[in-house]
Amino acid sequence: MNFRQIAVSICLVLAVLLGGCAQRQPAVPVPALTLSTGSAGGTFVEYGDKLAMLLSSSGSATVRTSGSGGSLDNLRCLSGATCDLALVAMASAFEAWNGLQWAKDRPVRGYSVMFPMYETPFHLATIASSGITRFDDLAGKKVGVGPKGGANELIFSALAADLQPPAQMVYGTPQEMAERVIDGKVTAFFFGAGAPVPAYREIAQRAAIVFLPIDGQALVNARKIFPYLTTTLLPANSYRGQLTSVQTLGLWNFVLVRDGVSSDAVYSMTRAVLGRGDLSTVLHLLASQTTPSNLKANTFLPVHPGAQRFYREAGVAP
C-alpha cells in the first residue's frame with residue numbers, strides 16, 4: 001500500500017469515527033414555555049394563540065398558551081415565574097415596574113422586553129337604542145370595564161372622575177360585557193384591545209353599535225394620570241356599521257419574557273417572529289405593527305439580552 005492509499009484510508013477511518021461522534025452528540029433541547037395571554041373575547045387571546053403556533057412550528061420553542069385576566073395577571077405570573085412569556089399593555093408594565101397604582105410601593109419585576117405587538121385603541125361602545133352619544137351621558141350609568149383590577153378599570157376611573165352622578169363599573173370578561181350591552185343590562189363597554197375585538201364585533205353583528213369619542217375633560221383627566229397614553233383614532237369601518245373614525249386613547253402592547261429564559265431561546269424566538277414579512281396574515285391584522293422599528297415605543301423597560309442580539313443584527317438600537 002503506497003503513501004497515498006494509506007492517507008486515504010486514514011481519512012476514511014477518521015470520517016467514520018468523527019461522524020459517529022457527531023451522531024452521538026445530544027440534540028439541544030427545545031425549551032417548553034408557557035405564554036400567558038388574556039381573557040375570552042379579547043385580542044390578546046387571538047394574537048397569543050397564533051403566536052404560540054408560530055413559535056412552536058418554527059422549532060425555536062414549544063409554546064402553550066394560558067388564559068388570564070389580562071396584563072396585571074400576566075405581569076404577576078412573569079415575576080413569580082409561573083409563566084415564561086406574556087402579552088402586556090405598557091400602562092400596566094409602567095405601573096408594575098415603578099411601583100405605582102395597583103403596585104404602589106411594591107415594584108413587580110423579573111421580566112424584560114422581547115418585541116412590540118401593536119398600538120391598542122381604547123373602545124367605548126354602546127348601542128343606538130341606549131340614546132347615549134357622548135361620554136358625559138354615562139353619568140349614573142353602568143359601564144363594563146372588563147376583569148376587575150385590570151388597566152381598563154384604572155383608566156376608566158380617571159376618565160370618569162368628573163361624572164356626576166358617578167358611573168357604576170361592572171366587571172367580567174369582554175364576552176360577558178358584550179352580552180350585557182346587547183341585552184341592556186350594561187349601558188356601555190370600555191376596553192383597550194386591538195381592533196377588531198371579537199366582543200365588539202359581536203355587538204356590531206347583533207345591534208346598531210355606537211362608539212363614543214374620548215375627548216374633552218375626560219381625555220385631559222386620563223392623560224394627566226397616565227402620561228404614557230397616546231391620542232389615536234379607532235379607524236372607520238373597524239366594525240359593521242361604524243362608518244367614521246372615532247377619537248380615542250391609544251396604548252402600546254409588548255411581548256415580555258421572564259428574565260430566566262435563556263438568551264439563545266429568546267434570540268431564536270425573536271428572529272422567528274420579526275424575521276417574517278407576513279405577520280398580519282399568520283398572527284393578526286394588527287401584527288403589521290409587530291416590527292423591529294417599533295421597539296422605540298418602549299421607553300422604560302430593559303430589553304432581554306437575547307432580543308438585543310437580534311436587534312443589533314437588524315440594525316435597530318435596543
Side-chain angles (χ1 to χ4, degrees), residues 31 33-38 44 47-48 51-52 54-55 58 60-61 63 66 68 70-120 150-151 154 192 194 226-230 250-275 279 283 287 289-318:
L33 305 175
T34 298
L35 167 63
S36 190
T37 58
F44 272 16
Y47 188 107
L51 176 60
L54 189 160
L55 291 173
S58 73
S60 55
V63 181
S66 176
S68 75
S71 294
L72 303 192
D73 282 353
N74 294 350
L75 287 159
R76 293 185 183 108
C77 83
L78 286 171
S79 181
T82 55
C83 67
D84 306 291
L85 308 168
L87 312 185
V88 175
M90 293 304 266
S92 300
F94 183 85
E95 292 158 1
W97 192 260
N98 293 290
L100 304 172
Q101 301 293 338
W102 62 277
K104 184 171 177 58
D105 300 327
R106 300 186 308 276
V108 178
R109 299 188 177 184
Y111 49 84
S112 49
V113 161
M114 193 155 77
F115 57 80
M117 293 169 59
Y118 52 81
E119 184 184 36
T120 288
L154 296 173
F226 306 109
Y228 45 76
L229 293 173
T230 59
L251 174 67
W252 271 91
N253 307 281
F254 272 73
V255 177
L256 304 185
V257 58
R258 180 173 57 81
D259 286 347
V261 179
S262 76
S263 290
D264 286 346
V266 173
Y267 169 76
S268 295
M269 289 188 289
T270 306
R271 183 179 62 179
V273 176
L274 297 186
L279 294 179
L283 281 186
Q289 300 176 61
T290 302
T291 63
S293 62
N294 279 329
L295 179 67
K296 64 180 180 293
N298 166 51
T299 59
F300 62 94
L301 286 182
V303 178
H304 193 283
Q308 288 184 31
R309 176 182 163 195
F310 170 83
Y311 291 117
R312 285 194 299 269
E313 292 178 357
V316 176

Ignoring hydrogens, what is the shortest heavy-atom contact between [X] and [Y]? Give both atom names and the distance.
X      : Y      : result
Phe310 : Pro292 : CE2-CG, 4.1 Å
Tyr47  : Pro116 : OH-O, 4.3 Å
Leu33  : Ala61  : CD1-CB, 3.9 Å
Gly306 : Val266 : C-CG1, 4.0 Å
Ala265 : Val261 : CB-CG1, 4.2 Å
Ala96  : Leu75  : CB-CD1, 3.9 Å

Rounded at 0.5 Å granularity, tell me how far [atom1] in [X] sits from [atom2] in [Y].
X      : Y      : atom1 : atom2 : result
Leu78  : Leu85  : CG    : CG    : 8.0 Å
Phe44  : Ser68  : CZ    : OG    : 8.5 Å
Ser60  : Leu54  : OG    : CG    : 8.0 Å
Ser293 : Tyr311 : OG    : OH    : 10.0 Å
Thr291 : Tyr118 : OG1   : OH    : 14.5 Å
Leu100 : Leu154 : CG    : CG    : 11.0 Å

Check whether any side-chain heavy atom of [X] lies under 4.5 Å from a side-chain heavy atom of [Y], and answer yes or no.
X      : Y      : answer
Leu72  : Val108 : no
Met117 : Leu283 : no
Ser112 : Val257 : yes
Cys83  : Tyr111 : no
Met269 : Phe115 : no
Asn253 : Leu87  : no

Expected output: side-chain [X] to main-chain [Y] donor-acceptor under 3.5 Å:
X      : Y      : value
Thr270 : Ala307 : no
Asn294 : Gln289 : yes
Thr120 : Trp252 : no
Ser66  : Leu35  : no

Notebook entry, point to check: In chain order, what residues pass the ring pair (Phe, Tyr, Trp, His ring centres under 6.0 Å) check against Phe254, with sequence neighbours excluded?
Noted result: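 Applying ring pair (Phe, Tyr, Trp, His ring centres under 6.0 Å) to Phe254 gives none.
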Using side chain to side chain donor-acceptor pair (under 3.5 Å) as the criterion, list what pairs up with [X], not counting sequence neighbours.
X      : result
Glu313 : Tyr267
Ser36  : Asn74
Thr230 : Glu119

Does any pair with a residue in residues 84-99 pass salt bridge (charged side-chain N to carboxylate O under 4.0 Å, His left out), and if so which ones, sequence neighbours excluded?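 Matches after skipping sequence neighbours: Asp84-Arg258.
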Exercise for review: For Leu301 and Met90, run side-chain contact (heavy atoms from CB on, under 4.5 Å): C-alpha distance rounded to whole Å, both residues' side-chain angles, the deciding distance at 0.1 Å, then the answer.
Suggested key: CA-CA 9 Å; Leu301 286 182; Met90 293 304 266; 3.9 Å; yes
Just to verify, what does Gln308 make a side chain to side chain contact (heavy atoms under 4.5 Å, CB included) with, not counting sequence neighbours?
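By the side chain to side chain contact (heavy atoms under 4.5 Å, CB included) rule, Gln308 matches Val303, Arg312, Pro318.
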